[in-house]
Amino acid sequence: MPSFLFISLLLSFIHFSFSLPSIGVTYSTTTTTASPPPDKISATISTLKIPNVRLPDADPSLIKAFAFTNTSLFLSIPNPLLPAVAANRSLALRWLYRHVLPFYPRSKITLISVGNAVLDFVAEQDFTPYLLPAMRNLHLALHELGIKKIPVSTTFSFFSTITTAFPPSSAEFQQPAGDLIIKPLLQFLEETNSSFLINLYPYNLYRLNSEIPVGFALFQDYPFNFRDDLVTGVRYFNLFDMMADSVLTAMAVMGYESVPVIVAETGWPSGGGEAGEVEANEAYAEMYLKGLVRHLKSGVGTPLKKDGVAEVYVYELMDHEGGNNDNNKVKGRKWGILTENMTRKFNVEISSGVKNYGLMGIFFFLIAIFYAFP
């Protein structure tokens with residue numbers, strides 16, 4: 001009888017468990033300076049115990065370097081390739097034959113983003129008509145190769161996608177992209193068990209709104225350091241949650257609140273940027289990263305979703321000489337958690353726990369022990 005009760009209660013304990021958000025980092029290469037050897041990047045990631053890596057450039061030699069490391073890889077197809085992949089599935093297969101098939105599953109590829117922040121570049125070149133057809137072709141090409149465990153998605157930027165973060169309950173997707181692009185894309189994600197990917201930068205929103213206290217953006221526990229959503233009565237203690245819940249609200253308005261959300265990029269610059277960016281400093285960058293990791297590891301989720309976001313990727317692994325190499329960010333800003341010579345700037349442990357059992361789980365576990373060992 002005690003053994004049976006022990007097993008029953010232990011199963012209840014497991015039932016009440018849930019996964020913590022997985023925390024990773026982006027590693028992007030640069031065209032201005034020589035990048036470190038792929039093996040060195042892989043070894044550094046393993047040493048830092050970072051479980052997930054986003055590779056916007058998806059160089060085959062870099063993918064190969066992560067073989068047998070158990071590091072999950074999030075690959076991306078660059079925007080200029082979208083028209084070709086959308087027009088011809090054989091070109092999607094060709095990309096997979098070069099970037100996935102030679103390495104998978106030895107290299108643990110877990111996600112592919114077709115394009116990145118395409119709405120940000122509409123004025124320069126409009127890739128939006130090719131977005132969903134390219135995603136479908138890549139998804140079908142993966143299944144044609146017998147690979148059914150790598151979901152396909154695309155990445156959006158918060159500022160070109162969401163109407164507002166104040167209050168989160170009023171957020172919607174910007175139109176006409178919301179109805180024309182994002183809604184059918186959300187249907188595809190739901191049908192294929194994929195995730196909605198978003199670049200989310202409290203630093204940029206803080207810079208745009210002088211009414212936001214810097215402590216609110218940096219996860220600091222100051223008195224009265226909160227904001228209330230007067231529509232729902234929900235209280236927010238940090239800007240990250242407000243932005244995340246704005247995304248979740250916009251998805252719920254369209255009827256797709258069950259699709260998981262992955263934050264593909266977030267971070268705080270430790271230097272550089274435009275004149276007057278005094279908040280871009282190492283002290284604030286460390287505060288943001290420590291606060292973010294602490295918040296994610298707490299398992300509390302966001303006020304509107306107890307599971308919160310599924311994964312978060314910090315931008316980025318290391319600084320580049322002359323600043324970052326992303327056309328969508330201010331040149332000169334330094335976002336890395338490592339310097340150009342790959343030394344640590346911050347004492348932040350990004351490696352995330354696997355499970356959070358909560359008070360209910362602990363309660364059942366203690367009862368199980370009590371009956372198992374009278």
Side-chain angles (χ1 to χ4, degrees), residues 79 113 115-124 126-129 131-132 135 153-190 194-214 216-217 226-268 292 301-305 307-310 312-313 315 326 328-330:
N79 294 348
S113 174
N116 180 35
V118 294
L119 293 177
D120 293 6
F121 302 101
V122 169
E124 302 170 20
D126 188 4
F127 293 109
T128 56
L131 194 55
L132 193 52
M135 291 170 62
S153 187
T154 189
T155 306
F156 291 100
S157 168
F158 183 91
F159 294 98
S160 61
T161 308
I162 305 297
T163 54
T164 183
F166 300 98
S169 59
S170 298
E172 294 179 336
F173 288 114
Q174 295 180 25
Q175 296 297 346
D179 288 335
L180 296 178
I181 300 167
I182 298 176
K183 189 171 185 178
L185 187 141
L186 284 168
Q187 182 180 355
F188 170 83
L189 298 179
E190 185 177 64
S194 191
S195 302
F196 185 78
L197 314 180
I198 190 85
N199 297 336
L200 195 154
Y201 285 94
Y203 176 79
N204 292 339
L205 187 55
Y206 163 76
R207 291 268 302 162
L208 291 171
N209 193 327
S210 59
E211 296 181 1
I212 301 175
V214 68
F216 188 68
F226 57 83
R227 291 291 182 273
D228 291 332
D229 187 328
L230 299 180
V231 178
T232 60
V234 172
R235 176 161 289 182
Y236 289 89
F237 293 93
N238 63 78
L239 188 54
F240 179 90
D241 277 355
M242 288 194 80
M243 296 175 75
D245 274 356
S246 297
V247 177
L248 292 167
T249 298
M251 293 170 64
V253 168
M254 288 193 166
Y256 293 97
E257 62 271 16
S258 62
V259 174
V261 173
I262 291 176
V263 177
E265 290 184 14
T266 191
W268 194 284
L292 174 69
T302 71
L304 293 186
K305 189 174 184 181
D307 293 339
V309 295
V312 175
Y313 290 82
Y315 189 88
D326 191 328
N328 197 32
K329 298 182 179 68
V330 174

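The first residue in the sequence is number 1, and the count goes up from there.
Of all heavy-atom pairs spanning Met135 and Leu189, the tightest one is CE-CD2, 4.1 Å. Summarising the geometry of Gly178 relative to Met254, their closest heavy-atom pair is O-CE, 3.1 Å, with the distance given to 0.1 Å. Taking every heavy atom of both residues into account, Val259 and Lys305 meet most closely at O-NZ, 4.2 Å. Scanning all heavy atoms of the two residues, the minimum distance from Ser246 to Pro168 falls at OG-CA, 3.5 Å. Taking each heavy atom of Ala117 and Ser157 in turn, the nearest pair found is CB-CB, 4.2 Å. Between Trp268 and Ala217, the shortest heavy-atom distance links the atoms CZ3-CB, 3.9 Å.
Other residues, nucleotides and ligands contribute only 12 or fewer heavy atoms inside 6.0 Å of the CD atom of Glu211. Heavy-atom contacts from other residues, nucleotides or ligands closer than 6.0 Å to NZ of Lys183 number 12 or fewer.
Interatomic distance, Ile181 CD1 to Leu131 CG, rounded to the nearest 0.5 Å: 7.0 Å. Here Met243 contributes atom CE and Asn204 contributes atom CG; the two are 7.5 Å apart, rounded to the nearest 0.5 Å. Note that the OH atom of Tyr201 and the CD atom of Glu265 stand 3.5 Å from one another [nearest 0.5 Å]. Once rounded to the nearest 0.5 Å, the distance linking CG of Leu180 with CG of Leu132 reads 12.0 Å. Of the inter-residue distances, the one linking Glu257 atom CD with Leu186 atom CG reads 10.5 Å to the nearest 0.5 angstrom. Here OH of Tyr236 is found 10.5 Å from CG of Asp228. Values are rounded to the nearest 0.5 Å.
Residues Phe173 and Phe196 bring their aromatic ring centres within 6.0 Å.
A donor-acceptor pair under 3.5 Å is formed between the side chain of Gln174 and the backbone N or O of Ile162. Using a distance-only test at 3.5 Å, with no hydrogens or angles considered, no donor-acceptor pair links the side chain of Asp229 to the main chain of Val234. A donor-acceptor pair is defined here as one N or O able to donate and one able to accept, closer than 3.5 Å; no such pair exists between the side chain of Thr302 and the backbone of Asp241. Judged purely by atom type and a 3.5 angstrom limit, Ser153 uses its side chain to pair as donor or acceptor with the backbone of Ser195.
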Checklist entry - Can you list the steps and then say if Asn79 with Phe121 is a side chain to side chain contact (heavy atoms under 4.5 Å, CB included)? => result CA-CA 10 Å; Asn79 294 348; Phe121 302 101; 3.8 Å; yes
Next on the checklist: If you apply the rule side chain to side chain contact (heavy atoms under 4.5 Å, CB included), what do you find for Leu185 with Phe156, and how did you get there?
Outcome noted: CA-CA 11 Å; Leu185 187 141; Phe156 291 100; 4.0 Å; yes
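Judged by distance alone, the side chains of Thr232 and Ser169 never bring a donor and an acceptor atom under 3.5 Å apart. Under 3.5 Å, the side chains of Tyr315 and Asn199 contain no donor-acceptor pair of N or O atoms.
Between Tyr256 and Ile182, every side-chain heavy-atom pair lies at or beyond the 4.5 Å cut-off.
A cation-pi arrangement is found for Arg227 relative to Phe216, the charged atom lying closer than 6.0 Å to the ring centre and inside a 45° cone about the ring normal.
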